[in-house]
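Letters go in sequence order (proteins before strands), and every chain restarts at 1. Worth knowing before you read on, the calculation uses all heavy atoms, side chains too, and leaves out hydrogens, waters and symmetry mates.
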2 protein chains.
Amino acid sequence: MALDRKDLAILAELTTNARASHTELANKVGLSSTALARRQKTLEDDGYIQAYQAALDLAQFGLTTTVLVRIALESQSDEALKAFEAEVVKCPSVVRCFLMSGTDDYILIVLARDIQDFERIHRTELSRLPRVARVQSSFALREVVNRAVPTVVFGETKR
Amino acid sequence: MALDRKDLAILAELTTNARASHTELANKVGLSSTALARRQKTLEDDGYIQAYQAALDLAQFGLTTTVLVRIALESQSDEALKAFEAEVVKCPSVVRCFLMSGTDDYILIVLARDIQDFERIHRTELSRLPRVARVQSSFALREVVNRAVPTVVFGETKR
DNA sequence: CCAAGATGCGTGTCGGTGTGCCCAAGGAGA
DNA sequence: TCTCCTTGGGCACACCGACACGCATCTTGG
């Protein structure tokens, strides 16, 4: 099951306009609407397309501050990891959380309105996480790159 | 321009089903299709909804390895930052790049097929970035949380 | 009590979507 | 070499649904 460049063109276009109609996509890719509908359905059925989702402008909600939080636990026991993870998924300001190799156990990406708001988040969300030994926060001054999909995906010309 | 809980319900639903029809959304939110269409259009015009995009399953493309890369530059001069950023946006495997406060200058999130593939990326993409003094990579063992939108957005009941 | 904004219903038109059918290209096998 | 078969593409058509409009009603705030 390999994807040719037309499939990749469809995916690339759908990552921009998820609501594009078959005819609209067909014109951009260079296919008929019938052929495009078939390919798009195949891409969905095969799981290449997970979902169609609206991208919100978080700045409109005042969430302009991104913070990277490094967290080390008291213990790396399986029980400690489970306890921590069960709680971190409930934190409403956390958008990503990685279990990391190396010294830092977890790295979180937190969105806040501003620095004062992060202080509140640190107090009400982060400091209540269990088994935490150390929390270290770094503020992002600017976001240089923000892609949902690496461009390398669309460059793999297999056919 | 404040959003009430129905607006938030619309946004929450659209972040899941971006292709949902007006009637479909109207039923879930508890509105008529007319009222919903108006609200959705307002949300789009006011910029709350940036775009509708397809979410690809990156695992289907073999991109199962996430790497956090910390990069320090030789110099923090404006010229060095500009030179670095102009090149990092071209790296096809980089999905995010933050300019950070603190000792590390930049933090990158890189997607690779596996560790061997990351070695290739390190050699062909990262090591060619200009003005780099130090590169430090940490592998993500697992992704505990991955949200496009923090849940805190949908909890702000203003009306 | 009034005005303005929001809602809901109904309707009509337009467009998208799905289907059936035929055609072209490529590969396998006799 | 010829033929069969499979795969993918395009055309045409019909149906269903989405979308936009107008109008009446209701609620909210002053």
Side-chain angles (χ1 to χ4, degrees), chain A residues 1-57 60-62 148-149 153-159, chain B residues 1-62 148-149 153-159:
Chain A
M1 169 81 224
L3 302 180
D4 62 7
R5 64 188 63 188
K6 288 183 178 175
D7 289 316
L8 296 176
I10 295 169
L11 293 175
E13 188 61 30
L14 282 174
T15 54
T16 306
N17 307 325
R19 310 198 68 157
S21 67
H22 290 167
T23 38
E24 196 174 341
L25 285 173
N27 290 336
K28 297 210 177 188
V29 176
L31 281 176
S32 70
S33 65
T34 310
L36 184 124
R38 267 197 295 259
R39 292 175 91 117
Q40 184 174 348
K41 178 158 181 11
T42 304
L43 291 171
E44 293 168 357
D45 293 345
D46 291 355
Y48 288 96
I49 298 174
Q50 260 184 338
Y52 297 97
Q53 53 193 25
L56 306 188
D57 183 7
Q60 286 274 347
F61 296 91
V149 179
V153 169
F154 303 125
E156 301 167 352
T157 54
K158 288 190 182 170
R159 208 188 303 172
Chain B
M1 168 81 225
L3 301 180
D4 62 7
R5 66 189 61 188
K6 287 183 179 175
D7 289 315
L8 297 176
I10 295 169
L11 293 176
E13 187 60 30
L14 282 174
T15 54
T16 306
N17 309 325
R19 310 198 70 156
S21 67
H22 290 166
T23 38
E24 195 173 343
L25 285 173
N27 291 335
K28 297 211 177 186
V29 176
L31 281 175
S32 69
S33 64
T34 311
L36 184 124
R38 266 197 295 263
R39 292 175 92 117
Q40 184 174 348
K41 179 161 181 7
T42 304
L43 290 171
E44 292 168 358
D45 294 344
D46 291 355
Y48 287 95
I49 297 173
Q50 262 183 338
Y52 297 98
Q53 52 193 24
L56 306 187
D57 184 6
L58 296 176
Q60 285 274 347
F61 295 91
V149 178
V153 168
F154 303 125
E156 303 167 351
T157 55
K158 289 190 179 169
R159 204 188 305 172

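The phosphate of C:dT19 (OP1 or OP2) has no side-chain N or O of A:Arg38 nearer than 4.0 angstrom.
For the pair A:Leu56/B:Gln50, no side-chain contact is recorded, criterion being any heavy-atom separation below 4.5 Å from C-beta on. You'll find the side chain of B:Phe154 reaches within 4.5 Å of the side chain of B:Leu11, heavy atoms only. The shortest side-chain heavy-atom distance between B:Gln40 and B:Tyr48 does not fall under the 4.5 Å cut-off. Using a 4.5 Å heavy-atom threshold, the side chains of A:Asn17 and A:Lys28 count as touching.
Note that the NE2 atom of B:His22 and the CG atom of B:Leu31 stand 12.0 Å from one another [nearest 0.5 Å].
Rounding to whole angstrom units, CD of residue A:Gln40 and P of D:dG9 are separated by 14 Å. Summarising the geometry, the separation between NZ on B:Lys6 and P on C:dG5 is reported as 19 Å, rounded to the nearest angstrom. Across the protein-nucleic acid pair, B:Leu25 atom CG and C:dG8 atom C1' stand 17 Å apart, rounded to whole Å. Counting to the nearest Å, the C1' atom of D:dG9 and the CD1 atom of A:Ile10 are 13 Å from each other. Between the CG atom of A:Leu36 and the P atom of D:dG8 there is a distance of 14 Å, rounded to whole Å. At whole-Å resolution of the value, NZ in A:Lys41 and P in C:dT19 are 9 Å apart. In this structure, A:Asp7 atom CG and D:dG9 atom C1' are separated by 14 Å, rounded to whole Å. The interatomic distance linking A:Arg39 (CZ) with D:dG8 (C1') rounds to 8 Å, in whole Å.
The pair B:Arg39-B:Asp4 meets the salt-bridge criterion, since a charged nitrogen lies less than 4.0 angstrom from a carboxylate oxygen.
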Nucleotide N/O of nucleotides 12-20 of chain D paired with protein N/O under 3.5 Å:
| unit_1 | atom_1 | unit_2 | atom_2 | d |
| --- | --- | --- | --- | --- |
| D:dA18 | OP1 | B:Ser21 | OG | 3.2 |
| D:dC19 | OP2 | B:His22 | N | 3.2 |
| D:dC19 | OP2 | B:His22 | ND1 | 3.0 |

